[in-house]
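Each chain gets a letter, A, B and so on, in the order its sequence line appears, and its residues count up from 1.
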Number of protein chains: 2
Amino acid sequence: MCNMKSNMLAFWRQHFVLEENMCEVDTTCITPEEVFKVSGHVARFNDIMVRDTVTGECIRADKYLEEWSETQLALPDVSPARREELLHLLHDVAGMNQNEIKEVLTANKIVSPKGNPFSEPFPFNLMFKSTIGPEGDRVGYMRPELAQGIILNFKRLLDSGNAQRMPFAGACIGTAFRNEIAPRSALIRVREFTLAEIEHFVNPNEKDHERFDRVRDIEIWAWPRDLQADNKEPMRLKIGEAVDKKIIDNQTLGYFVGRVALFLESIGVRHYRFRQHQANEMAHYAQDCWDAELLSSYGWIECVGIADRSAYDLTQHSRASKKDLCARVDYAEPRMERQLQRKLNKGLIGKTFGKQAADVMEYLNTAPEDACLDIQKQHAAGSDATVKICIGEVAITPAMVQFEHKEVKVTGYNYTPSVIEPSFGVGRILYCLLEQSYWVRRDGDAKNEKRAVFSFSPLIAPQKVAILPLMMKPELMGTVQNLRDTLIVRGLSVRIDDSGATIGRKYARVDELGIPFAITVDFETDGCVTLRERDSASQVRVAVEKVPEVLSDLCRSVQPRDWASVEKEFPAQAAPADK
Amino acid sequence: MCNMKSNMLAFWRQHFVLEENMCEVDTTCITPEEVFKVSGHVARFNDIMVRDTVTGECIRADKYLEEWSETQLALPDVSPARREELLHLLHDVAGMNQNEIKEVLTANKIVSPKGNPFSEPFPFNLMFKSTIGPEGDRVGYMRPELAQGIILNFKRLLDSGNAQRMPFAGACIGTAFRNEIAPRSALIRVREFTLAEIEHFVNPNEKDHERFDRVRDIEIWAWPRDLQADNKEPMRLKIGEAVDKKIIDNQTLGYFVGRVALFLESIGVRHYRFRQHQANEMAHYAQDCWDAELLSSYGWIECVGIADRSAYDLTQHSRASKKDLCARVDYAEPRMERQLQRKLNKGLIGKTFGKQAADVMEYLNTAPEDACLDIQKQHAAGSDATVKICIGEVAITPAMVQFEHKEVKVTGYNYTPSVIEPSFGVGRILYCLLEQSYWVRRDGDAKNEKRAVFSFSPLIAPQKVAILPLMMKPELMGTVQNLRDTLIVRGLSVRIDDSGATIGRKYARVDELGIPFAITVDFETDGCVTLRERDSASQVRVAVEKVPEVLSDLCRSVQPRDWASVEKEFPAQAAPADK
C-alpha cells in the first residue's frame, strides 16, 4: 500500500505539477487559530451530533438518518407516499441544519441503536485542537484541508514563483485531520488522511483555459444536478459539450474535470463518474462543484472534489489581515471608462456611527453600482436611504455620500482571483483502486481452481517485477542476482521467489500480489529468459541483457511501452512454462 | 525547496528502501496516549524550562545556559580555572537534570534576558496534546518521532512482509511534531518537520551485517567520544577499522554509518562528520549512537542520528500489551543444552504477596541466571533471599522457588530483536545543503562582477533544465516548446527564460536558481543546440533529437552519467556564447 501510494503521488506530481507547471508548496499541519477563524472553519466546520442519553455514545446525525431511511425503504409495504417522503429525506439529509434534523428525529420518533432517547442535536467541530508554545495560551488546529495553506501563500507565489503571470496554480500534498464522529468503512472515513490539492488562481472574468482543446473531446460519465433531482441516471457527455451548454460552469473547471479523468484512467481506475453538487450541498460561496466518484463495495465514493470556490477565501483573508491579495490586469492601451465615483463625508459618518463607522464606509466604498444608484435615487427624492449592512439597518443621509459617474482614463484593473480547486483524497482513491483491480482467474491447473489477481497498472504496482528461478542452482542464482541489481538500479522494485514451489504456484503468487511482470530464469542456454505479463498471462523470450531496458519502458510513468509492442518484437513462449 | 525535498525523498527511497529491500510503512501522526506512556515519552520527553518571573516568558534552560557560557567565555580576562569550569558546563549542559540546572543558575546568579529573576526550573513535555473522538475523553499526542509507529508494526512486518526472515528493516517518511520552547535558527529548530526513519530489527547476538564489506573501506570524518572528552579534533577513519577496534559498536551500526555517508555524498553534501554520543547524552537503554553532523553558519548541525536502541522499545511494548514481540532462531539440528529450570510454588507466592504476586513471579521467571543462582545459594545457606524488584525489596523463601540445571533438547530460541535506527531530519539536511551549495563566481563579464551560484546536484536540483531561446522568434519558439514537452515527459522539470535579457544574464539567472543544465536555442541550421553545465560553465553542441536522452542520463537518480563523458562525446562549444 505504501509503495502504491508513493507511486501514485509521484505520478500525480508528473501529471499535474510538472505538466501544468504548478508551484508545489509544503505547509504546516498545525495552523494558528486565526487562519481558521477567517476561513470560517472554527464557526462552521461542524457535523451535527446526537448523544444516546443513556449510554453517552455520540452519533453523527446525518449518517444515522441516512441508514435509518434506507432501512425504512427496505421494509415491506412501504406506501408510495411514504416512499417519496423517505427518498426526499435521503436526498436532503446531507445539507440539513440542526433544527431540520431535530424535526425529522421528533416526527419519526427515532431512537438510538440501543433503543434509548437521543439528546437534542448539537454541532461538533471536526478540527483537532491543541496549544502551541510553552505558555499554553496560543490555540492551534490540525488542518482539515490543505487549501488555506496554499491560499495564504498566494501573493508570494504570484510574485516570486510566477513573476506576476496569471493564471497559475499552487499544489500541495500532505496530511489532513478530521475528528470524525464515527470513523468506518475501511479507508474511506478516517481521522487522518493524505490529500493532494491544487488551487488554481484565475481572473473571475477570464475563466477560459488556453489548453481547453486538449480535453474538449474527452467523454465522461456525468451526473448533472438536474438529472439527480429527476431521479435520472448519469449520462455520457463530452467535456466540450458540457461547458458549451453551461452544464459545467466554465472552461477552467471543465479542463480540470478532464485532467482528473485522464489521471484516474492512467492509474488504472475502471469505474468512475462525475457528480455535480446540489445547490444545498455546496458552500454558500461556491460557484459549481463536481465530485469524481469511484465505485466500491460501499457504493459510489467521493474521491476527488473539483470546486470553483469563487474569490471567497482570498477576500476573507485580505479583509482579516488588511493585506492586498489582488492580481492585476494591465490593458495593452489605456482606456476611457465611465466609473462611479464615491465621495464620502468621513467626518460626518464617523460622528454619526462611532465604532461602526468603518463598516458603513466599507459598505459605501464597495457596494455594487445598482445599490449605490438606489441610494442616490432615494436621496434625490428627498429622503434618507435605509441600507442593510453587516451591523444591521442604517440610515444614510444625503450629506454622507455623493455618487457621480465620470469618464476616467484607466490602465488596467485589480481583482481578487477566483480559486478553482481539485482536491484528491489519496487513501480513498487507493482503496477503490484495490477493489476495482481485484478479480478471479478461472483458468488454473485444476479445472475449478480459482486464482486471485490484482491487476495493478505497472505505473502504480507496489512491486514491478518478480524473478522466478526454476531451481535453486548456483548457475541460475547468479543470473537472478545480476538481474535484480540491474533492475533495482533502474528504480524497479523486485521480488525474488526462490522457494521450492512449482512455477504455476509461483505465477499464482505473482498474480495475487499484483506484480505486472515476471521473469522466469531457466536452464536454457540461449541467453534468454521468459517474460510474462500478468493480465494476459502471455509470455515471450527475451535476451537477458535486453530485459532491464524492456521492463523500464513498460513501467515508465509517462508514455509507457505497451505489452502488444513487446509481443511483436520478441518471439512468443508456449504456454507450458506456466504449468 | 518543495521540489528539492521530494527529489531528496525519492532518492532516499531508492538508496535505502529499494536497494536494501526494506518495508516502507505509513503510520498516523496522532497517536493514542497509551503508546507514548509505554515508550516513556509521556514521562520523560521533556525539556527543562525556566520562566521570567516578571514577563512570564518561558525559556529553554539548557540552550540559555549554553549561550550564557559562551558569552562568559568570550569575556576578557577569563581565568584558566574559570575557563575550565565553563567548558565543562558547555560539555555537560545537554544532559543535565532539573536539580543540576537549578544549581548552576543559583551558583552563577543567572537572570533572564530582561534582567529579571527566573522561576524554579521545571519540565515541559514537548508533545502536542489533543483529544480524539466526539466524547472528548481519549487523549492523543502528535508523534514526536516515527520510531514507535514502525516498532508497533514489527510483528506484522516480520510475518507478512518478510516471511519470518531476520534481520529486516521497516522504513517510514512522515511529519513529526515537537512543541519547541524556542523555535529558531531558520529550518533547524522548528515545531513541525519531516523525518525519514529506518528501524532495522536484528538478533542482538548476531549484529554482523552480510553486506558489511561494501562499506568497509569508506573513509569518514569520525569524532569518537574519547577524542571529544580529550578536546581533540575529529579524525579520518575507515568504517572497517572503526568496527574492528570497537570504536563503532557493531557491523550493522557501521554499515548504516557507511550507507548514510554515501547518501549524503550523493545528494551533494560537502562538509559532514560523524560524532559519537557521550554516555550521558544517550537514552539509558541505548548501546551506541552516532550523529551525522552537517556544517552550516549555525555550526555543526545534527542531521542524521544512527542509534542502537537495543531491545528497549519492543520489550516495553511487549510487556504493556502482553503480546509476543519475539523473533525466533531455529537451529539447523536440535541441540542438547544445559538450562536452568525454575519451579515456582504459585499458590504460596500468591498467598504471600497478594496483588503483587504477578510481579514476583515475573521476576523469578525472567531473572538472569546468576541472580537465580544467588537466590539458590542463600536458600542453601538456610536463609530467605532478599531481592530488589520493581515493587521494592521482597523476601523469597526456599518454599517459593526451586532452581535446577537440566540437559534439554532445544530446536532454537526466541529473542526480542535489537533495533538499529538511522533517523534523518529532512529539513535540516536541506537547509545545510542550501548553505553548502552556495558560492560566488568571480568570472562574469565585468572584471569585478560577482555571480551567485547554487551548485545543486542534478539529482536533487529543483529544476533540472533551463531552455534559453536566443530570441523570441516563432522558428525558435517551436523548438523550445517541443524540447520542453519531450523533457517534461521524461520527468525533467524545465524553466523557459524567454525574456529579452542577454544570454549572459540568462546564464547568471540559471546559476542563481541552481539549474544544472541549460540549453541555448539559436539560429544555427546544424540541427544542434548548445548544452551548458552550470558549475564548469563548459559547453557542447548536441543534436536536438539527442538532447532528451543525454539530459535524462545526466539527471538519473542512480548511476547518472557524468559531464566528462558528455564532453568526450560531443564537440565543445567556444566560450563566447556565454557572453
Side-chain angles (χ1 to χ4, degrees), chain A residues 1-3 5-6 9-10 13-14 17-19 21 23-26 28-30 47 49 51 56-60 124 128-136 140 142 163 171-175 177 179-183 190-192 194 485 488-495 499 556-559, chain B residues 1-3 5-6 9-10 13-14 17-19 21 23-26 28-30 47 49 51 56-60 124 128-136 140 142 163 171-175 177 179-183 190-192 194 485 488-495 499 556-559:
Chain A
M1 274 295 282
C2 203
N3 289 351
K5 183 177 162 188
S6 57
L9 291 177
R13 285 200 167 96
Q14 169 77 31
V17 181
L18 209 57
E19 287 189 29
N21 203 19
C23 293
E24 191 178 342
V25 296
D26 208 2
T28 60
C29 297
I30 301 183
D47 276 343
M49 190 152 85
R51 194 188 295 269
E57 189 195 3
C58 291
I59 292 174
R60 191 170 146 183
F124 173 71
F128 287 99
K129 193 175 184 172
S130 192
T131 54
I132 306 173
E135 285 85 6
M142 306 307 300
C172 182
I173 296 174
T175 311
F177 303 82
N179 199 359
E180 286 288 349
I181 296 170
V190 291
R191 292 196 170 122
E192 197 178 316
T194 301
D485 291 347
I488 293 277
V489 161
R490 288 172 175 260
L492 299 175
S493 49
V494 171
R495 181 191 146 92
S499 70
R556 247 167 67 183
S557 63
V558 266
Q559 299 192 334
Chain B
M1 274 295 285
C2 204
N3 289 351
K5 184 177 160 187
S6 58
L9 291 177
R13 284 199 168 97
Q14 169 77 32
V17 180
L18 207 58
E19 287 190 30
N21 203 19
C23 293
E24 191 178 343
V25 296
D26 208 2
T28 60
C29 297
I30 301 182
D47 276 342
M49 189 152 84
R51 194 188 293 269
E57 188 195 4
C58 291
I59 291 173
R60 190 168 147 186
F124 173 72
F128 287 98
K129 193 174 184 174
S130 193
T131 55
I132 306 173
E135 283 85 6
M142 305 307 299
C172 183
I173 296 174
T175 311
F177 303 82
N179 199 359
E180 285 289 348
I181 295 170
V190 291
R191 291 197 171 122
E192 196 178 317
T194 302
D485 291 348
I488 293 278
V489 161
R490 287 173 176 257
L492 299 175
S493 50
V494 172
R495 180 192 148 91
S499 71
R556 248 169 65 185
S557 65
V558 266
Q559 298 191 338

Please classify the contact of [X] with chain B as side chain, backbone, both or neither, using a heavy-atom distance under 4.5 Å.
| X | answer |
| --- | --- |
| A:Phe128 | both |
| A:Leu492 | backbone |
| A:Cys29 | both |

Shortest non-hydrogen separation from [X] to [Y] and the atoms involved:
| X | Y | result |
| --- | --- | --- |
| B:Arg51 | B:Cys58 | NH1-SG, 3.6 Å |
| A:Asp26 | A:Ile173 | OD1-O, 4.4 Å |
| A:Glu19 | B:Ile488 | CG-CG2, 3.6 Å |
| A:Ile30 | A:Met142 | CG1-SD, 3.6 Å |

Side chain, backbone, both or neither: which part of B:Asn179 has a heavy atom under 4.5 Å from chain A?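 Side chain of B:Asn179 only, per the 4.5 Å heavy-atom cut-off to chain A.
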Using a cut-off of under 4.5 Å for heavy-atom pairs, which of [options] has the most such pairs with chain A?
| options | value |
| --- | --- |
| B:Val494, B:Val17, B:Asp485, B:Ile132 | B:Ile132 |
| B:Val25, B:Ile59, B:Asp47, B:Leu9 | B:Val25 |
| B:Asn3, B:Thr131, B:Asn21 | B:Thr131 |

Partners passing side-chain hydrogen bond (donor to acceptor under 3.5 Å, both in side chains) against B:Glu180 (at least two apart in sequence or in another chain):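 Result, side-chain hydrogen bond (donor to acceptor under 3.5 Å, both in side chains) vs B:Glu180: B:Arg60.
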Hey, are A:Arg13 and A:Glu24 close enough for a salt bridge, meaning a charged N less than 4.0 Å from a carboxylate O?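 The answer is yes: the pair qualifies as a salt bridge.
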Let's test your reading of the structure: which of A:Thr175, A:Thr194, A:Thr28 forms the most heavy-atom pairs below 4.5 Å with chain B?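 When all of A:Thr175, A:Thr194, A:Thr28 are compared, A:Thr28 has the most.
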